[in-house]
Amino acid sequence: MKLRDKVAIVTGASKGIGKGIAIRYAEEGAAVTLASRSMELLTAIARQIEDAGGRALALPLDVRQPESVEAVVRKTVEAYGRLDIMVNNAGISMAHPSEDLQPDDWQRALDTDLSGVFYGCRSAAKQMIAQGTGGCIVNITSVYGLVAAPMRAAYCASKAGANMLTKLLACEWASKKIRVNAIAPGYIRTELVQGVIDKGMLPVGAIEKRTPQGRIGEVSDLMGVAVLLGSDESEFMTGAIVTVDGGWTAYGYL
Ligand SMILES: NC(=O)c1ccc[n+]([C@@H]2O[C@H](COP(=O)([O-])OP(=O)(O)OC[C@H]3O[C@@H](n4cnc5c(N)ncnc54)[C@H](O)[C@@H]3O)[C@@H](O)[C@H]2O)c1
């Protein structure tokens, strides 16, 4: 119960990594707001958490709209009285040759993967400053914000921006008792990624070969770090970009 009595928001909690973090945070004792675009999926996960004895609230959210993010923070505080942990996880990926990448697609990725993270940090920080006790923010970025992957200009630029935002806001808000850290995952086998693997559209063998630990990650591989960064056990960590990638970014040989 490392998050007993904490209040957390997880964006993009209807699927994949966000769903995993929301369920794990509730298991660790946190009251969790699950926020995303699909209320149907969110409501089912919130019920699953409550059936297991946890506390959960499902709310609609579009991270591209600052007022939508503000509303999720406000309703969370109305329900649970405070906000301790903000997990900015919602994101989209896209792959296009850069010379053909349409401005609308470029903008959509930046709005979601970069601006959405900023709006989440900003709304959470306002509440954490107002309540006087601070809190912590965990941004889910990507190894592709640290190293380049061809045909993913908008994704890589957004994730690199989110990594820098993490460092900048950590420095700016340290005096307000707000910690800001990021988890930069490598390839993680979510339902979406598994679907792409099943269709033969992701060269999983080549990825495994290039990864020192010889496999792609599972959602469960991220949970230990997500709990650590949300808990008081990481009290002196801020501005860190923690890669969870089986050694992918460390590797620079043949
Ligand atoms: N799966 C991987 O291999 C991997 C690797 C590195 C980084 N990541 C990052 O982890 C995060 C989660 O990825 P995932 O693989 O679980 O993805 P996913 O597609 O399974 O889930 C994404 C979630 O974000 C939500 N979302 C998307 N746009 C939104 C918006 N505008 N407003 C609110 N919610 C929105 C979706 O509804 C969904 O709940 C993303 O930021 C992604 O870039 C994933």
Side-chain angles (χ1 to χ4, degrees), residues 9-24 32-46 58-73 86-95 105 107-121 123 138-147 149 152 154-163 165-166 182-197 201-204 207-208 211 215-223 225-226 241-246 248-249:
I9 295 173
V10 182
T11 72
S14 66
K15 296 182 219 161
I17 294 168
K19 174 181 170 183
I21 294 175
I23 292 172
R24 182 60 190 274
V32 184
T33 293
L34 300 100
S36 195
R37 294 171 303 180
S38 160
M39 277 306 283
E40 204 182 326
L41 292 172
L42 287 180
T43 308
I45 303 162
L59 293 175
L61 169 70
D62 184 342
V63 293
R64 295 169 298 180
Q65 308 294 335
E67 60 280 7
S68 173
V69 185
E70 293 268 321
V72 166
V73 172
M86 179 76 180
V87 182
N88 293 304
N89 163 79
I92 56 169
S93 61
M94 63 177 62
D105 289 330
Q107 196 58 51
R108 197 159 49 89
L110 263 81
D111 286 348
T112 310
D113 293 339
L114 180 55
S115 301
V117 172
F118 178 64
Y119 300 146
C121 291
S123 298
V138 182
N139 296 326
I140 309 301
T141 62
S142 172
V143 294
Y144 287 155
L146 299 168
V147 296
R152 289 164 180 82
Y155 185 77
C156 288
S158 300
K159 293 294 187 180
N163 282 336
L165 257 186
T166 301
I183 300 173
Y187 283 97
I188 302 295
R189 195 192 308 273
T190 56
E191 287 155 37
L192 190 86
V193 168
Q194 186 59 51
V196 179
I197 292 172
M201 289 162 62
L202 192 71
V204 71
I207 293 166
E208 286 172 347
T211 305
R215 65 173 177 89
I216 68 167
E218 306 294 334
V219 172
S220 58
D221 287 314
L222 298 171
M223 296 302 115
V225 180
I241 315 294
V242 184
T243 55
V244 181
D245 63 356
W248 170 280
T249 37

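In what follows, every heavy atom counts, from backbone to side chain, and hydrogens, waters and symmetry copies are set aside. First listed ligand is number 1; within each ligand, the first listed atom is number 1.
- For atom 27 (C) of ligand 1, the closest non-hydrogen atom of the protein is Arg37 NH2, 3.3 Å.
- Here the side chains of Thr211 and Asp245 are not in contact, with every heavy-atom distance at 4.5 Å or above.
- In terms of heavy-atom proximity, Pro185 sits nearest to Ile183 at CD-O, 3.2 Å.
- Within 6.0 Å of atom CD in Glu191, 12 or fewer heavy atoms from other residues, nucleotides or ligands are found, so the atom counts as exposed in its surroundings.
- Side-chain atoms of Leu61 and Ile9, non-hydrogen and from C-beta on, never get closer than 4.5 Å to each other.
- The shortest heavy-atom distance from Thr190 to ligand 1 is under 4.0 Å.
- Ion pairing between Arg108 and Asp105 holds under the 4.0 Å rule for side-chain N and carboxylate O.
- More than 12 heavy atoms of other residues, nucleotides or ligands lie within 6.0 Å of CD in Glu67, so this atom counts as buried by the packing criterion.
- In summary, the atoms of ligand 1 found under 4.0 Å from a heavy atom of Ala90, numbered by their order in the structure, are 24 (O), 26 (N), 34 (N), 35 (C), 41 (O).
- When only interatomic distances are considered, the shortest N/O to N/O separation between Thr112 and ligand 1 does not fall below 3.5 Å.
- Using a 4.0 Å threshold on non-hydrogen atoms, atom 10 (O) of ligand 1 counts as touching the protein.
- Counting heavy atoms from C-beta outward, Leu41 and Lys15 have side chains that approach closer than 4.5 Å.
- Of the N or O atoms in Val63, one or more lie within a sub-3.5 Å distance of an N or O in ligand 1.
- Taking atom 19 (O) of ligand 1 as the reference point, the nearest protein heavy-atom neighbour is Leu192 CD2, 3.9 Å.
- Among all protein heavy atoms, the one lying closest to atom 22 (C) of ligand 1 is Gly91 O, 3.8 Å.
- In this view, Val147 and Tyr144, Trp248, Thr249 satisfy the side chain to side chain contact (heavy atoms under 4.5 Å, CB included) rule, not counting sequence neighbours.
- Residue Tyr155 holds the heavy atom nearest to atom 43 (O) of ligand 1 of all those in Tyr155, Tyr144, Tyr187.
- In terms of protein heavy-atom proximity, atom 6 (C) of ligand 1 is nearest to Pro185 O, 3.3 Å.
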Under the criterion side chain to side chain donor-acceptor pair (under 3.5 Å), I'd like the reasoning laid out for Asn163 against Thr141: C-alpha separation, chi angles, the key distance, then a yes or no.
CA-CA 7 Å; Asn163 282 336; Thr141 62; 2.7 Å; yes
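- For atom 44 (C) of ligand 1, the closest non-hydrogen atom of the protein is Ile17 CD1, 3.6 Å.
- The shortest contact between atom 3 (O) of ligand 1 and any protein heavy atom is with Ile188 N, 2.8 Å.
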Could you go through Arg189 and Ile197, starting from their C-alpha distance and side-chain angles, then the distance that decides it, and tell me whether this counts as side chain to side chain contact (heavy atoms under 4.5 Å, CB included)?
CA-CA 9 Å; Arg189 195 192 308 273; Ile197 292 172; 4.1 Å; yes
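- Looking only at side-chain heavy atoms (C-beta outward), Met86 and Thr11 come within less than 4.5 Å of each other.
- Residue contacts with ligand 1 leave out Gly116, since none of its heavy atoms falls under 4.0 Å from the ligand.
- Scanning the protein heavy atoms around atom 20 (O) of ligand 1, the nearest turns out to be Lys15 CB, 3.7 Å.
- Atoms of ligand 1 found under 4.0 Å from any heavy atom of Val193 (numbered from 1 in listed order, with element): 1 (N), 3 (O).
- Heavy-atom contacts of Arg64 reach the following atoms of ligand 1: 31 (N) (cutoff under 4.0 Å).
- Using a 4.0 angstrom heavy-atom cutoff, Asp111 does not count as in contact with ligand 1.
- In this structure, Ser93 has no heavy atom closer than 4.0 Å to ligand 1.
- Remark: minimum distance from atom 31 (N) of ligand 1 to any protein heavy atom is reached at Asp62 OD1, 3.0 Å.
- Ranked by closest heavy atom to atom 5 (C) of ligand 1, the top entry among Ser142, Gly186, Ala22 is Gly186.
- Using a non-hydrogen distance threshold of 4.0 Å, Lys159 registers as a contact of ligand 1.
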